[in-house]
S.K.: 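Here it is: the structure, laid out below.
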Amino acid sequence: MKTYKIAAIPGDGIGTEVIAAGVEAMNALAKRDGSFSFTFDHFDWGGEYYKKHGRMMPENGRDQIRHHDAILFGSAGHPDIPDHITLWGLRLAICQPFDQYANVRPTRILPGITSPLRHVKDKELDWVIVRENSEGEYAGVGGRVHQGSRLEAATDVSMFTRVGVERVMRFAFALARSRPRKLLTVVTKSNAQRHAMVMWDEIAVAVAKEFPDVTWDKMLVDAMTMRMVMRPQSIDTVVATNLHADILSDLAAALAGSLGIAPTGNINPERTFPSMFEPIHGSAFDIMGKGIANPIGTFWSAVMLLEHLGEAKAASRLMSAIERVTADPRFHTPDLGGRARTADVTAAIIDAIQGANE
Ligand code: NAD
Ligand code: MN
């Protein structure tokens, strides 16, 4: 029997609550399938670890997870520690060195979930956003001088490389081609940002020639927010820079009903390193420890993890279980207007897994 080694990194806040739920669901799924199993290695990295050790993960942390088949991640973010330390010390410290350059974010309105957009029904919003995940605005280039004095200056420099842009464009065109509509929107801001974004656009034109069967268009990021709200049916696959897609995908998640549902995969397409799957939400300080975090985003991330491992049958079994559970308002957590608790939703998912496809 095939055994997949998964590194579980819950991080902080509700990360610990939703990852515990995800591990339970994945074990139930493996048991139901019978042809594979998981071994989970749990890593207590994050804010509490930082308070003890002065860093978010051990110096050889990446070596400890380099040979796992995949990483299941919760959230980096602690109420007592500045966000740039938790983010750069853990999540980005894994994504960037592991070259997980394609951040894939599907968005759909699941059964039983109401979009805040009036008149939009489930099938009319079905998107995948590909976020460049290795450079751009989050390259980490820049600095501060004369800190605290009146002369202080600070820069964050966007860094775009031809290799970096080409590979994410190619990934997005290929993903668009794999979906029924074969439709891609390239998001840009080349009117105001006249260097890197112009190169971004030129590379899109060049890569598009390799994909003559994909219909694509170009959209300025500000206009894209409007299109997402006004004409969601006109969108299928989207590719955008690190910053632009970060923002657009939170909007996408909200338009699909809740941030608590949205999944993501940080993919290293060459499989030189493990890829990392996580709900897109953060530590949610306002609800942590209350047992009401919506675990659906983590379950859907587990679907992406299974697809990445090639377990298509188990992935679709889990996705059907998710859809059956969201369709029933008894299993809606407070973010969806319901009263269910994390444990109720998890139990319902496990029930649905056990019943699925019988
Ligand atoms: P957040 O996603 O933690 O929360 C935003 C809002 O959405 C909150 O009201 C929260 O209660 C709600 N929410 C989020 N997930 C939910 C879920 N599963 N169920 C129910 N409600 C949910 O974003 P924030 O408040 O901007 O950030 C809090 C901390 O998390 C910060 O430290 C931030 O840096 C960190 N963060 C980390 C990641 C990551 O590691 N990938 C992503 C985003 C934010
Ligand atoms: Mn974000």
Side-chain angles (χ1 to χ4, degrees), residues 76 83-84 87-105 127-145 153-177 183-211 214 216-225 227-228 235-252 264-273 275-276 278 280:
D83 286 343
H84 66 277
L87 187 69
W88 281 95
L90 189 57
R91 189 171 167 274
L92 294 182
I94 296 171
C95 286
Q96 296 198 347
F98 280 3
D99 214 14
Q100 296 163 345
Y101 62 83
N103 183 222
V104 179
R105 302 184 157 198
W127 304 335
V128 187
I129 299 178
V130 178
R131 167 181 174 186
E132 201 296 315
N133 209 29
S134 70
E135 53 174 35
E137 305 88 343
Y138 300 169
V141 180
R144 285 173 74 174
V145 288
T155 58
D156 274 295
V157 181
S158 296
M159 267 267 305
F160 287 85
T161 64
R162 180 165 285 276
V163 168
V165 176
E166 262 180 30
R167 65 186 187 175
V168 78
M169 284 293 170
R170 203 164 275 125
F171 183 91
F173 271 95
L175 183 61
R177 178 151 77 186
L183 184 64
L184 177 70
T185 300
V186 176
V187 173
T188 184
K189 190 65 196 173
S190 47
N191 54 347
Q193 294 178 297
R194 58 189 180 166
H195 308 295
M197 286 291 88
V198 174
M199 181 179 82
W200 170 271
D201 291 358
E202 286 170 8
I203 290 173
V205 170
V207 172
K209 295 204 167 75
E210 299 167 23
F211 297 85
V214 174
W216 72 285
D217 60 8
K218 191 176 93 175
M219 197 92 208
L220 296 174
V221 65
D222 38 354
M224 187 65 182
T225 59
R227 178 167 163 194
M228 286 168 69
I235 299 168
D236 187 83
T237 308
V238 176
V239 61
T241 69
N242 217 329
L243 171 66
H244 292 164
D246 186 8
I247 298 166
L248 294 179
S249 58
D250 271 27
L251 173 61
T264 181
N266 301 281
I267 310 289
N268 172 245
E270 289 75 24
R271 295 172 188 259
T272 317
F273 300 100
S275 294
M276 180 159 83
E278 50 168 344
I280 82 167

S.K.: Shortest non-hydrogen contact from Ser190 to Lys218?
M.R.: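 Ser190 and Lys218 have their closest heavy atoms at OG-NZ, 4.3 Å.
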
S.K.: First locate atom OG1 of Thr225, then atom NE2 of His244, and finally report the distance between them rounded to the nearest 0.5 Å.
M.R.: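 Output value for this atom pair is 11.0 Å.
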
S.K.: Would you please test Phe160 and Met197 for side chain to side chain contact (heavy atoms under 4.5 Å, CB included) and show each step?
M.R.: CA-CA 9 Å; Phe160 287 85; Met197 286 291 88; 3.7 Å; yes

S.K.: For Gln96 and Trp88, what are the C-alpha separation, side-chain angles and deciding distance, and is it a side chain to side chain contact (heavy atoms under 4.5 Å, CB included)?
M.R.: CA-CA 10 Å; Gln96 296 198 347; Trp88 281 95; 3.7 Å; yes

S.K.: Using only atom types and a distance under 3.5 Å, with no angle test, would you say the side chain of Asn133 pairs donor to acceptor with the backbone of Ala102?
M.R.: no

S.K.: Would you name the heavy atoms of Ala245 and Arg105 that are closest together and state the gap between them?
M.R.: O-NH1, 4.5 Å

S.K.: To the nearest 0.5 angstrom, please state how far the OG1 atom of Thr237 sits from the CZ atom of Arg177.
M.R.: 12.5 Å

S.K.: Roughly how far, to the nearest 0.5 Å, is SG of Cys95 from CG of Leu90?
M.R.: 9.5 Å

S.K.: If you take all heavy atoms of Ile280 and Ser249, which pair is closest and at what distance?
M.R.: CD1-O, 3.7 Å

S.K.: Main chain of Leu220, side chain of Thr188: is a donor-acceptor contact present, judged purely on distance under 3.5 Å?
M.R.: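 Side chain of Thr188 to backbone of Leu220: no pair is present.
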
S.K.: Does His195 have any side-chain contact (heavy atoms from CB on, under 4.5 Å) partners at least two apart in sequence or in another chain, and if so, which?
M.R.: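 Testing His195 for side-chain contact (heavy atoms from CB on, under 4.5 Å), a comparison that skips the adjacent residues, returns none.
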
S.K.: With a 4.5 Å cut-off on side-chain heavy atoms, are Ile235 and Met224 touching?
M.R.: yes

S.K.: Do Glu137 and Asp246 have side-chain heavy atoms sitting under 4.5 Å apart?
M.R.: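 Sidechains of Asp246 and Glu137: no contact.
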
S.K.: Return the orientation label for the Trp216 and Phe173 ring planes: parallel under 30°, perpendicular over 60°, tilted otherwise.
M.R.: perpendicular

S.K.: Has Trp200 got a side-chain atom pairing as donor or acceptor with Val187's backbone, closer than 3.5 angstrom?
M.R.: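 It does hold such a pair.
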
S.K.: Between Asn103 (side chain only) and Gly265 (backbone N and O only), is there a donor and an acceptor less than 3.5 Å apart?
M.R.: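 Yes, because the side chain of Asn103 sits within donor-acceptor range (under 3.5 Å) of the backbone of Gly265.
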
S.K.: Return the CE to CG distance between Met228 and Leu251, rounded to the nearest 0.5 Å.
M.R.: 4.0 Å

S.K.: For Asp99, is there any backbone N or O sitting under 3.5 Å from a side-chain donor or acceptor partner on Asn268?
M.R.: yes

S.K.: Checking side chain to side chain contact (heavy atoms under 4.5 Å, CB included) between Val186 and each of Val207, Val205, Val239, which is the one that passes?
M.R.: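 The option that passes is Val239.
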
S.K.: Keeping the roles fixed (side chain from Asn266, backbone from Gln100), state whether a donor-acceptor pair exists under 3.5 Å.
M.R.: no

S.K.: Can you find a side-chain donor-acceptor pair between Thr264 and Arg131 that sits under 3.5 Å?
M.R.: no

S.K.: Which value, rounded to the nearest 0.5 Å, describes the distance between Thr241 atom OG1 and Gln193 atom CD?
M.R.: 7.5 Å

S.K.: Counting heavy atoms not belonging to Arg162, are there more than 12 under 6.0 Å from its CZ?
M.R.: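 No, because the 6.0 Å sphere around CZ of Arg162 holds 12 heavy atoms or fewer from other groups.
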
S.K.: Relative to each other, are the rings of Phe273 and Phe98 parallel, tilted or perpendicular (30° and 60° limits)?
M.R.: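 Parallel.
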
S.K.: Please report the closest heavy-atom contact between Gly164 and Glu135, naming both atoms and the distance.
M.R.: CA-OE2, 3.7 Å

S.K.: Under 4.5 Å between any side-chain heavy atoms of Phe211 and Arg170, yes or no?
M.R.: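 Side-chain contact under 4.5 Å: yes.
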
S.K.: Can you measure from CD (Glu132) to CG (Asn242) and round to the nearest 0.5 angstrom?
M.R.: 5.5 Å

S.K.: Looking at every non-hydrogen atom in both residues, tell me the closest pair between Ala176 and Leu183 and how far apart they are.
M.R.: CB-O, 3.9 Å

